[in-house]
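In what follows, a structure is listed as structure tokens, so that the remarks can point back to it.
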Amino acid sequence: MLNPKFIIEVNLRSSINIFFERFIYLFKTVPFWVITFLGNSGVLIFAYTFFHFENGHNPNVTTISDSIWWAFTTITTVGYGDVTPVTFSGRVVAVFLMILGTGLFATYTAIFANVMLGREFLTIGHRVKVLKKNVEGMQTSLHREDLMIERELARINKTLNCINDRLTSLEEENNGEEE
């Protein structure tokens, strides 16, 4: 008999291997790299725009690297608070960068979930289709059986009615002879 601890260890090792295989596969997908490129490009564009509006007005923004730091901390929602916009235009840029960050990380989450669970969903979808066909087949079969039972019941009722009629006529004949 297998040791349950061994089975858990093998399953855990297998699950970890599957996770890492899929995680590595994630880096081979086109959507991941497209979103990464677009996201980083967006960060750099927002950083430059932020630098344009804040440089000279904000004492914490003196170099483009300050703006890039601000853009990455803002888009990742870390927001250390060491660099914050002081101009209206800088704040508008910040709001749009926050919205971009939310969308960007939601997209990353969807791509990650698809890579990790996509195969399972396809397998489950296939199983559901097979089950649906089986259920439909059983429903058709049950419907045919219901029709056969209804016909058989109708035949039995007809036979019972004939027997009842025959018994009634025999009773009437029997009653007529007794009188």
Side-chain angles (χ1 to χ4, degrees), residues 1-140:
M1 184 170 153
L2 287 174
N3 181 353
K5 185 178 179 184
F6 172 76
I7 294 171
I8 291 171
E9 232 174 79
V10 169
N11 285 340
L12 181 63
R13 203 173 308 131
S14 174
S15 296
I16 290 170
N17 287 341
I18 291 170
F19 174 80
F20 281 112
E21 284 173 11
R22 292 181 182 176
F23 191 74
I24 290 168
Y25 174 75
L26 172 69
F27 291 99
K28 296 177 182 178
T29 63
V30 173
F32 174 80
W33 289 109
V34 168
I35 295 302
T36 300
F37 175 76
L38 291 175
N40 286 322
S41 297
V43 166
L44 295 176
I45 291 167
F46 276 92
Y48 175 77
T49 307
F50 183 76
F51 180 75
H52 174 75
F53 290 127
E54 294 290 316
N55 188 27
H57 301 285
N58 191 334
N60 293 323
V61 180
T62 56
T63 64
I64 192 71
S65 65
D66 292 334
S67 294
I68 292 172
W69 170 254
W70 167 84
F72 273 106
T73 60
T74 301
I75 200 166
T76 58
T77 68
V78 173
Y80 287 116
D82 55 345
V83 179
T84 57
V86 294
T87 65
F88 175 77
S89 301
R91 289 179 181 153
V92 170
V93 170
V95 167
F96 282 109
L97 184 59
M98 290 174 207
I99 293 169
L100 174 69
T102 303
L104 180 70
F105 287 103
T107 305
Y108 272 127
T109 302
I111 292 170
F112 183 78
N114 185 43
V115 167
M116 292 296 163
L117 301 173
R119 293 179 195 161
E120 279 74 15
F121 285 131
L122 289 175
T123 302
I124 290 169
H126 177 71
R127 287 180 183 168
V128 167
K129 284 181 184 177
V130 169
L131 286 172
K132 183 178 178 185
K133 279 185 178 180
N134 289 343
V135 167
E136 287 171 352
M138 290 189 311
Q139 286 174 334
T140 302

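Along the sequence shown, the residues carry numbers beginning at 1. Fair warning: this is a prediction, and the values are worked out from it, not measured in the lab. Side-chain atoms are counted along with the backbone in the values below, which use heavy atoms only and exclude waters and symmetry mates.
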Any pair counted as salt bridge (Lys or Arg N to Asp or Glu O under 4.0 Å), so long as it reaches residues 125-140, sequence neighbours left out: none

query: If you round to the nearest 0.5 Å, how far is OG1 of T84 from CG of N58?
result: 6.0 Å

- prompt: Between K28 and W33, is a side chain to side chain contact (heavy atoms under 4.5 Å, CB included) present by the stated rule, with each step listed?
  reply: CA-CA 8 Å; K28 296 177 182 178; W33 289 109; over 6 Å; no

statement: So side-chain hydrogen bond (donor to acceptor under 3.5 Å, both in side chains) across residues 93-109, not counting sequence neighbours, yields T36-Y108

task: Evaluate the side-chain proximity of D66 to N60: yes if any heavy-atom separation is below 4.5 Å, no if none is.
output: no

message: Under the rule for salt bridge (charged side-chain N to carboxylate O under 4.0 Å, His left out), what residues qualify as partners of R91, not counting sequence neighbours?
response: none

Set of side chain to side chain donor-acceptor pair (under 3.5 Å) partners for T76, sequence neighbours left out: none

- request: Looking only at non-hydrogen atoms, find the nearest pair between T73 and Y80 and report the distance.
  value: CG2-CD1, 3.6 Å

- prompt: Within a strict 4.5 Å, meaning less than it, do heavy atoms of the F105 and T77 side chains meet?
  reply: no

Validation: residues 43-52 side-chain donor-acceptor distances under 3.5 Å, sequence neighbours left out:
from : atom 1 : to  : atom 2 : distance (Å)
T49  : OG1    : I45 : O      : 2.8

- prompt: Can you name the closest pair of heavy atoms from M116 and R22 and give their distance?
  reply: O-NH1, 2.6 Å

message: Checking N114 now: which residues fulfil side-chain contact (heavy atoms from CB on, under 4.5 Å) with it, not counting sequence neighbours?
response: none

- request: Tell me, please, which residues at least two apart from N134 pass side-chain contact (heavy atoms from CB on, under 4.5 Å).
  value: V130

query: Of all residues at least two apart in sequence or in a different chain, which pass the ring-ring contact (aromatic ring centres under 6.0 Å, His included) check with F72?
result: none

- prompt: Side-chain contact, heavy-atom cut-off 4.5 Å: F96 with V92?
  reply: yes

query: Given the rule in the side chain to side chain contact (heavy atoms under 4.5 Å, CB included) test, do M98 and T74 qualify, once you have shown the distances and angles that lead to the verdict?
result: CA-CA 6 Å; M98 290 174 207; T74 301; 3.8 Å; yes

Partner residues of T87 under the side chain to side chain donor-acceptor pair (under 3.5 Å) criterion, sequence neighbours left out: E54

task: Evaluate the side-chain proximity of F112 to F23: yes if any heavy-atom separation is below 4.5 Å, no if none is.
output: yes

message: Once side chain to side chain donor-acceptor pair (under 3.5 Å) is applied, do any residues pair with Y25, and if so which ones, sequence neighbours excluded?
response: none

task: Step through the shown structure and confirm whether more than 12 heavy atoms of other residues, nucleotides or ligands are within 6.0 Å of CZ on F27.
output: yes

- line: Shortest non-hydrogen pair, W70 vs V83, comes out as CD1-O, 3.2 Å

query: Residues in side-chain contact (heavy atoms from CB on, under 4.5 Å) with V30, at least two apart?
result: V34

statement: Sorted by chain and residue number, the ring-ring contact (aromatic ring centres under 6.0 Å, His included) partners of F20 (sequence neighbours excluded) come out as none

task: Nearest 0.5 Å please: distance from the CD1 atom of I75 over to the CG atom of N40.
output: 8.0 Å

